[in-house]
Amino acid sequence: MKLKGQHLLSVKDVSLELINDLFKVAESMRPYATRQKVTRVLEGAVLGNMFFEPSTRTRVSFGCAFNLLGGEVRETTGLSNSALAKGESLYDTAQVLSGYSDIIAMRHPEAGSVAEFAHGSRVPVINGGDGPNEHPTQALLDLFTIHQELASQDRGIQDLSLTLLGDLKHGRTVHSLCQLLGLYQGLKIQLISPEALAMPTKYVDILTNAGHQVEIGNTLEQGLPQANVIYQTRIQEERFSSQEEANRYRGYFRLNKQIYSQHCQPNAVIMHPLPRDSRNDANELDNDLNTEPGLAIFRQTDNGVLVRMALFACILGVENQLHQYEREVNWFVGLDD
Ligand code: NCD
């Protein structure tokens, strides 16, 4: 799969070669993302950013990434604010909105909906999450973060011992991540969840078929000690048939400084796609971890901008033209002491 002029609906079509190329482009975005330089390579281009489910970082980082390349962002948020609420089909909406945009990012509560939308679109569509199914850009930024965090400890992906924790049944980020990990071989992967929220068999099979050493468990003690990367997730309460059922699992696995010091390797990396549920009855990643060097959650969100900039640049075919449209930043960046 090449990216230019293509939809990104699933990680299924992504190869290791494409990932390596994409990550090089993502690295080249750092001067623009950290505001050392400005590039206007997408000046005049329009992103249709359509989010029909709650979102903060995915929606804003898509928009931010497009703006940082010089493009304009048009947003549609909430099903009730769109003609889909009047019974319009995804196909018709796609035909209309793709006439107003050069590229579209979309999130929708139904599995398969973004692919259905893409079928009617005249421009590339990026899946920003379709129900419990997939979240390809999150998985790419998660994998980018895993590479970066391991490299900062003089390790490589072959050294990865990853524990996925929490709601593995409904979490689309871990579903997409498992498919990407299926491109590698011989990793150690621990899948820790309440039994009722176990990773669907099709994703476990992808991991075992790749020759990874996969362990499945339901206690923190089974997942933490051997991991050098821990990926905590939120109980996806919006996917349960009732709030009562979801409440049974909220707060099931809590990570805090005491548990981290007691059970984890020194400097084990902690990731989370966010949002972390910080309400008292959940508190899945306590604030007392905020000062731990291993807490990578905000490096992960920063990486989201790099990876989404790289995706836009590659899909729109401008990844080799960034410098041509570049200039220095003329404003003050950051906080003055
Ligand atoms: C995730 C999602 O929406 O799937 N969030 C995100 O995009 N960063 C995870 C979640 O909502 O729990």
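Remember, it's 1-based here, ligands and their atoms both numbered in the order they're listed. Just so it is clear, the model here is predicted, and its values are computed rather than measured.
The protein heavy-atom contact nearest to atom 5 (N) of ligand 1 is L274 O, 2.9 Å. Looking only at heavy atoms of the protein, atom 4 (O) of ligand 1 is closest to R172 NE, 2.7 Å.
Pairs passing the salt bridge (charged side-chain N to carboxylate O under 4.0 Å, His left out) check and including a residue from residues 158-173, sequence neighbours excluded, read E53-R172.
Heavy atoms of P273 come nearer than 4.0 angstrom to ligand 1 in at least one pair. Ligand 1 lies within reach of P275, whose nearest heavy atom is under 4.0 Å from it. A heavy-atom separation below 4.0 Å is not found between E53 and ligand 1.
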*Report the C-alpha separation of F51 and H108 in whole Å, then their side-chain angles, then the decisive distance to 0.1 Å, and conclude whether the ring pair (Phe, Tyr, Trp, His ring centres under 6.0 Å) test is met.*
CA-CA 7 Å; F51 275 73; H108 191 284; over 10 Å; no
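Set against the non-hydrogen atoms of Q236, the atoms of ligand 1 under 4.0 Å away are 10 (C), 12 (O). Ligand 1 places these atoms under 4.0 Å from at least one heavy atom of Q138: 6 (C), 7 (O), 8 (N). Which parts of ligand 1 touch T58 is read off a 4.0 Å heavy-atom cut-off, strictly below it: atoms 6 (C), 7 (O), 8 (N). If you number the atoms of ligand 1 from 1 as listed, the ones under 4.0 Å from a heavy atom of H135 come out as 2 (C), 4 (O), 6 (C), 7 (O).
The side chain to side chain contact (heavy atoms under 4.5 Å, CB included) test with L42 singles out one residue from D102, L69, L47, L322, and that residue is L69. N228 pairs in a side chain to side chain contact (heavy atoms under 4.5 Å, CB included) with only one of the listed residues (V269, L150, I146), which is L150.
The N/O atoms of R234, backbone and side chain alike, include one that comes under 3.5 Å of an N/O atom in ligand 1.
Of the heavy atoms in T173, only side-chain atoms (C-beta onward) come closer than 4.0 Å to ligand 1.
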Mind listing the side-chain donor-acceptor pairs of residues 307-321 below 3.5 Å, one per line with the distance, residues two or more places apart or on another chain?
residue : atom : partner : partner atom : Å
R308    : NE   : T137    : OG1          : 3.3
R308    : NH1  : S61     : OG           : 2.6
R308    : NH2  : T137    : OG1          : 3.0

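Under the 4.5 Å side-chain heavy-atom criterion for Ile, Leu, Val, Met, Phe, Trp and Tyr, L191 and L165 are members of distinct hydrophobic clusters.
Other residues, nucleotides and ligands contribute only 12 or fewer heavy atoms inside 6.0 Å of the CD atom of Q185.
The pair D277-R234 does not count as a salt bridge, with every side-chain nitrogen at least 4.0 angstrom from each carboxylate oxygen.
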